[in-house]
Amino acid sequence: MTSRTDLVSQEFFRDPAAVVERLRACGPVVEIKLPIVGKVWATTTYELAARVLKDSDTFTLRNDGAVAGLRWWMPGVVRTLADNMLTMDEPDHTRLRGIVDEAFRRRAILGLEPRILAIADELAGALFADGSPADLVDRYARKLPLSVICELLGLPLADRPKFIAWANNVARLSGAVSFLRMIAGLYAMKRYLEGRLQVARADGGEGLIAELVRIEKEGGRINAHEMVAMVFLLLGAGSETTTHLISGSVYELLRNPARRDWLEADWGRANLAIEEFLRFVSPVQFSKPRFVRRDTELGGVRLKKGERIMAMVAAANMDPDANERPEELDLERRPNRHLAFGTGIHFCLGHQLARIEATCALQALFKRWPKLALAVEPARIRWRKRPGLRALEKLPVVAGPQ
């Protein structure tokens with residue numbers, strides 16, 4: 001039986017723990033229906049989500065070359081850009097992951113923290129430049145990770161407005177109609193990235209694109225098609241989810257100013273708090289769909305070969321068997337078991353970068369605006385109807401309590 005739970009409703013995004021609890025009561029594996037994805041099996045526990053993510057012998061991202069998350073009606077540009085290491089099994093995943101891992105090592109991600117903090121401080125200072133209240137999502141939470149990833153990739157400063165526009169286009173995705181509106185932007189992005197790769201091949205340069213080209217020239221096993229998809233993945237994965245981690249974290253701190261004051265009293269607590277925001281906010285709600293390779297049993301449910309399944313990250317993070325009182329936001333939670341970055345071979349490449357950006361974002365924001373407050377009642381805050389992503393539509397804020 002397919003669960004009728006609406007997983008793109010305001011009820012779900014406002015209080016995922018309550019909805020997940022009802023869903024889990026139907027079983028550890030349930031059939032759901034998501035916009036664009038359609039009917040698919042989903043896990044409701046931490047243990048089974050981790051198993052699906054780790055067991056690529058049973059649950060594969062591809063079936064005879066077809067990617068589980070793509071539908072027949074999707075245009076070629078989507079298939080091209082989706083043909084990246086996140087949708088690949090072994091051995092192609094390890095081949096491409098090794099290439100980008102090497103590029104990341106050369107860029108020394110941990111050494112970027114002072115620069116990221118400087119960018120965050122500049123953006124925080126300009127938060128109310130166009131008036132008050134300001135939308136923290138568009139004016140801060142989206143701009144910071146986009147600025148960082150553009151700099152990390154080595155893209156020109158003048159091109160950042162393009163990427164902000166593209167990111168806004170992608171963020172509005174909620175169903176088939178908005179998906180089709182997004183296609184023109186994807187074509188433009190693909191052409192642009194192909195051009196930047198050509199520039200790097202001809203002239204070299206700095207940044208991850210230039211590093212990838214150098215590795216390519218040194219004999220790294222990656223073709224031109226895979227290179228474009230890789231850069232697109234780094235651009236998208238390096239900005240969208242971090243945007244919603246930052247905005248979701250700020251929302252929780254402003255909804256309960258005592259938490260904001262606790263964090264401001266000692267920024268040494270920031271790393272601990274970020275882990276709890278990763279678990280509680282859960283910007284990524286689901287893994288990518290996977291095909292069942294062979295008839296199998298999971299959580300007492302018989303799954304047939306060819307059916308699709310997704311690990312429900314939001315449910316794993318709210319599993320009482322993994323964390324006590326998971327419905328509570330506890331910034332001092334120890335231990336903290338979450339799957340915000342996944343697990344197994346597809347564990348998020350940019351986990352260090354995301355943690356650093358979120359920490360710098362909160363620190364710069366509240367040092368500049370220590371009494372930052374919501375401009376509307378929490379009940380008026382809404383989330384985008386985006387399947388698989390917990391994303392605030394807007395977060396209107398003021399410099400101090402009204």
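Any value given below was found using the heavy atoms of this structure, including those in side chains, with hydrogens, waters and symmetry copies removed. All values derive from a computational prediction rather than experimental measurement.
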J.: Contact between R279 and M318 at the side-chain level, heavy atoms closer than 4.5 Å - yes or no?
T.: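 A side-chain contact under 4.5 Å exists here.
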
J.: Could you walk me through whether E276 and R259 satisfy the salt bridge (Lys or Arg N to Asp or Glu O under 4.0 Å) test, starting with their C-alpha distance in whole Å, then the side-chain angles of each, then the deciding distance to 0.1 Å, before giving a yes or no?
T.: CA-CA 12 Å; E276 179 67 346; R259 294 191 182 112; over 6 Å; no

J.: Tell me which pairs pass side chain to side chain donor-acceptor pair (under 3.5 Å) where either residue lies in residues 12-29, with sequence neighbours left out.
T.: E11-R22

J.: Under 4.0 Å between a side-chain nitrogen and a carboxylate oxygen: does that hold for R139 and D130?
T.: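 Looking at D130 together with R139, the answer is yes, because their closest N to O distance falls below 4.0 Å.
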
J.: So Q363 and D121, do their side chains get closer than 4.5 Å, heavy atoms only?
T.: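 A side-chain contact is absent here, since even the closest heavy-atom pair is not under 4.5 Å.
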
J.: Among Q352, E357, H351, find the residue that satisfies the side chain to side chain donor-acceptor pair (under 3.5 Å) test when tested with R355.
T.: H351

J.: Any side-chain heavy-atom pair from L303 and W41 closer than 4.5 angstrom?
T.: yes

J.: Does any non-hydrogen side-chain atom of L365 lie less than 4.5 Å from one of L127?
T.: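 Answer yes - side chains close enough.
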
J.: Not counting sequence neighbours, which residues clear side chain to side chain donor-acceptor pair (under 3.5 Å) with D295? List them please.
T.: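 Partners of D295 under the side chain to side chain donor-acceptor pair (under 3.5 Å) test: none.
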
J.: Do H338 and F280 make a side-chain contact, defined as non-hydrogen atoms from C-beta onward lying under 4.5 Å apart?
T.: no

J.: Flag the pair R201 and E216 as a salt bridge only when some basic side-chain nitrogen lies within less than 4.0 angstrom of an acidic carboxylate oxygen.
T.: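 Yes.
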
J.: Please step through salt bridge (Lys or Arg N to Asp or Glu O under 4.0 Å) for the pair R51 and E47, ending with a clear verdict.
T.: CA-CA 6 Å; R51 178 176 164 186; E47 178 189 358; over 6 Å; no

J.: Side-chain contact, heavy-atom cut-off 4.5 Å: M230 with E226?
T.: no

J.: Would you sort out whether T58 and R294 count as a side chain to side chain donor-acceptor pair (under 3.5 Å), showing the intermediate values?
T.: CA-CA 7 Å; T58 306; R294 54 180 177 269; 3.2 Å; yes

J.: Step through the shown structure and confirm whether more than 12 heavy atoms of other residues, nucleotides or ligands are within 6.0 Å of CZ on R302.
T.: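 Correct, the count exceeds 12.
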
J.: Taking the basic N atoms (NZ, or NE/NH1/NH2) and the acidic carboxylate oxygens, is any pair closer than 4.0 Å for R333 and E275?
T.: no

J.: Please, which pairs that meet side chain to side chain donor-acceptor pair (under 3.5 Å) have at least one residue in residues 318-328, sequence neighbours excluded?
T.: R325-E328

J.: Identify whether the distance between the nearest side-chain nitrogen and carboxylate oxygen of E194 and K190 falls below 4.0 Å.
T.: yes

J.: Would you please name every residue forming a side chain to side chain donor-acceptor pair (under 3.5 Å) with D159, sequence neighbours left out?
T.: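 Scan of D159 (side chain to side chain donor-acceptor pair (under 3.5 Å), adjacent residues dropped) gives Y192.
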
J.: Just so I know, are the side chains of Q285 and F13 near enough to count as touching, which here means a heavy-atom distance under 4.5 Å?
T.: yes

J.: Applying salt bridge (Lys or Arg N to Asp or Glu O under 4.0 Å) to E151 and R115, what does each step give before you reach the verdict?
T.: CA-CA 10 Å; E151 209 164 280; R115 177 58 187 149; 2.7 Å; yes

J.: My understanding is that only residues two or more places apart in sequence, or in another chain, count here; which of them pass side chain to side chain donor-acceptor pair (under 3.5 Å) with R337?
T.: none

J.: Not counting sequence neighbours, list each pair that qualifies as a ring pair (Phe, Tyr, Trp, His ring centres under 6.0 Å) and has a residue in residues 123-144.
T.: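 Listed by first then second residue: F128-W369.
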
J.: Would you name the heavy atoms of E297 and G300 that are closest together and state the gap between them?
T.: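 For E297 versus G300, the nearest heavy atoms are OE2-CA, 3.8 Å.
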
